Amino acid sequence: MKIATWNVNSLRVRLTHVLDWLQHEQPDVLALQETKTEDANFPVGELESAGYRSIFRGQKTYNGVAILSRKPALDVVSDLPNLEDPQRRILAATVDGWRIVNLYVPNGSEVGSDKYAYKLDWLARVHVWLEQELLHHPRMVVVGDFNIAPEDCDVHDPAAWHEKILCSAPERQAFRDLLALGFSDAFRAFEQPERSFSWWDYRMNGFRRNLGLRIDHILISRGLEKSCQACRIDAEPRKRERPSDHAPVVAQFG
DNA sequence: ATGGTAGGTTTCCTA
């Protein structure tokens with residue numbers, strides 16, 4: 001089982017990148033964030049031709065999540081009982097017996113802003129929901145753009161980012177609180193190159209200079225730890241013309 | 001303190 005996550009920053013613009021990447025990597029599941037695509041326009045046919053089924057919850061202009069999978073996605077959930085939210089940021093489904101939860105965590109804009117408060121509240125509600133979900137789905141993988149760099153080693157310049165958005169103590173605590181439910185950060189279960197990042201700002205030649213953050217994650221429940229064989233960030237698509245500002249993260253299970 | 005870039009359908013908002 002190979003499970004991946006990728007913030008594509010507009011599926012319309014990035015469709016050829018996604019199709020090429022699917023063909024090259026052949027994942028069983030690919031979770032997408034920031035599709036920025038209304039459901040009526042989702043490219044079901046192109047993905048079907050590539051061998052993937054799609055489920056999606058999109059909206060105009062912003063947000064939007066999808067799960068692409070070789071096998072059918074069942075028991076789809078996109079609205080939490082404790083979170084009424086027009087923003088399409090959550091999509092969960094069971095694929096081949098694996099519970100997949102795809103999250104596009106709010107960015108938060110700036111520490112102390114209204115959007116920051118929304119982010120922390122959103123995370124707290126997702127925390128409550130995941131605690132219940134875990135009871136029913138011991139084989140659970142929570143993936144997505146968390147918009148949180150968990151530790152200073154996930155930040156190119158920890159001093160410059162100190163207590164800034166994506167790096168503030170409350171955000172990092174919320175991330176640790178999710179882990180404490182019974183998940184581990186798959187990426188850190190393996191030896192990794194130093195300065196491994198999953199997002200680089202489009203500005204200031206961020207990618208070329210590797211001025212990035214690791215904010216895209218794959219969390220695996222306890223029951224899956226032994227079967228997880230590898231987790232890596234694939235920076236190759238970021239080198240292409242008109243890339244997403246995020247790279248895919250991939251976990252391989254035996 | 002600010003700007004730099006990208007995507008959307010914009011005369012700015014979000015990231």
Side-chain angles (χ1 to χ4, degrees), chain A residues 5-21 30-43 46-47 56-66 83 85-91 102-123 126 143-150 154-157 159-168 170-172 174-175 197-217 233-249:
Chain A
T5 177
W6 194 3
N7 179 323
V8 290
N9 186 18
S10 169
L11 183 55
R12 185 184 68 80
V13 174
R14 231 65 68 189
L15 183 58
T16 56
H17 289 208
V18 170
L19 291 170
D20 291 348
W21 194 81
L30 173 59
L32 302 176
Q33 304 86 36
E34 281 204 274
T35 55
K36 297 184 175 179
T37 306
E38 287 182 298
D39 290 350
N41 303 326
F42 199 91
E46 289 93 328
L47 292 161
F56 38 83
R57 293 291 185 277
Q59 65 186 93
K60 195 190 271 195
T61 311
Y62 302 121
N63 310 313
V65 283
L83 175 59
D85 190 355
Q87 301 191 27
R88 309 278 51 163
R89 298 180 174 277
I90 297 173
L91 189 57
N102 179 15
L103 302 179
Y104 176 45
V105 177
N107 171 283
S109 185
E110 223 177 310
V111 173
S113 66
D114 289 351
K115 291 192 177 71
Y116 182 73
Y118 164 65
K119 178 181 194 171
L120 294 178
D121 180 64
W122 191 96
L123 284 163
V126 167
V143 307
D145 176 359
F146 285 70
N147 269 317
I148 300 171
D154 302 310
V155 181
H156 69 90
D157 186 345
W161 284 85
H162 180 71
E163 291 301 327
K164 294 286 197 300
I165 197 65
L166 315 183
C167 299
S168 73
E171 291 167 90
R172 287 177 166 179
F175 186 81
F197 308 125
S198 67
W199 169 84
W200 303 261
D201 201 307
Y202 284 122
R203 298 165 287 193
M204 312 288 283
N205 281 313
F207 181 66
R208 188 180 56 73
R209 300 158 67 198
N210 199 29
L211 308 181
L213 304 177
R214 191 177 70 92
I215 57 177
D216 301 271
H217 306 298
I233 296 167
D234 181 9
E236 288 304 313
R238 190 66 173 80
K239 301 173 181 171
R240 294 185 58 167
E241 289 288 314
R242 279 194 102 187
S244 168
D245 44 353
H246 295 252
V249 186

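Every chain is numbered from 1 and lettered A, B, ... according to where its sequence line falls, protein lines coming before strand lines. Given the structure is predicted, the values throughout are model-derived calculations rather than measurements.
- Taking the six-membered ring where the residue is Trp, A/Phe42 and A/Phe56 present parallel rings, their angle staying beneath 30° rather than reaching 60°.
- Rounded to a whole Å, the CZ atom of A/Arg89 is 10 Å from the C1' atom of B/dA15.
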Contact letters for nucleotides 3-9 of chain B, in which S counts primed atoms plus P, OP1 and OP2 and B counts the base, heavy atoms under 4.0 Å: BBBSSSS
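- As a whole-Å value, the separation of A/Tyr116 OH from B/dT14 C1' is 19 Å.
- Distance check on atom C1': B/dA1 versus B/dT11 gives 25 Å, rounded to whole Å.
- Summarising the geometry, the separation between CG on A/Leu213 and C1' on B/dA15 is reported as 12 Å, rounded to the nearest angstrom.
- For the residue pair A/Arg88 and A/Asn63, no side-chain donor N or O sits within less than 3.5 Å of a side-chain acceptor on the partner.
- Between the C1' atoms of B/dA15 and B/dG4, the separation comes to 13 Å (whole Å).
- Side chain to side chain, A/Asn107 and A/Lys119 fail the donor-acceptor criterion of an N or O pair below 3.5 Å.
- Legend: residues meeting side-chain contact (heavy atoms from CB on, under 4.5 Å) with A/Lys115, ordered by chain and number and at least two apart, are A/Ser109, A/Ser113.
- The residue A/Phe207 sits apart from the nucleic acid: no heavy atom pair falls under 4.0 Å.
- Rounded to an integer number of Å, the gap from A/His246 NE2 to B/dT14 C1' is 12 Å.
- Atom pair A/Glu110:CD and B/dA15:P shows a separation of 12 Å (rounding to whole Å applied).
- A donor and an acceptor atom, one from each side chain of A/Trp199 and A/Asp145, are nowhere located under 3.5 Å apart.
- Contacts of A/Ala174 classified as side-chain contact (heavy atoms from CB on, under 4.5 Å), with partners at least two apart in sequence or in another chain: A/Leu123.
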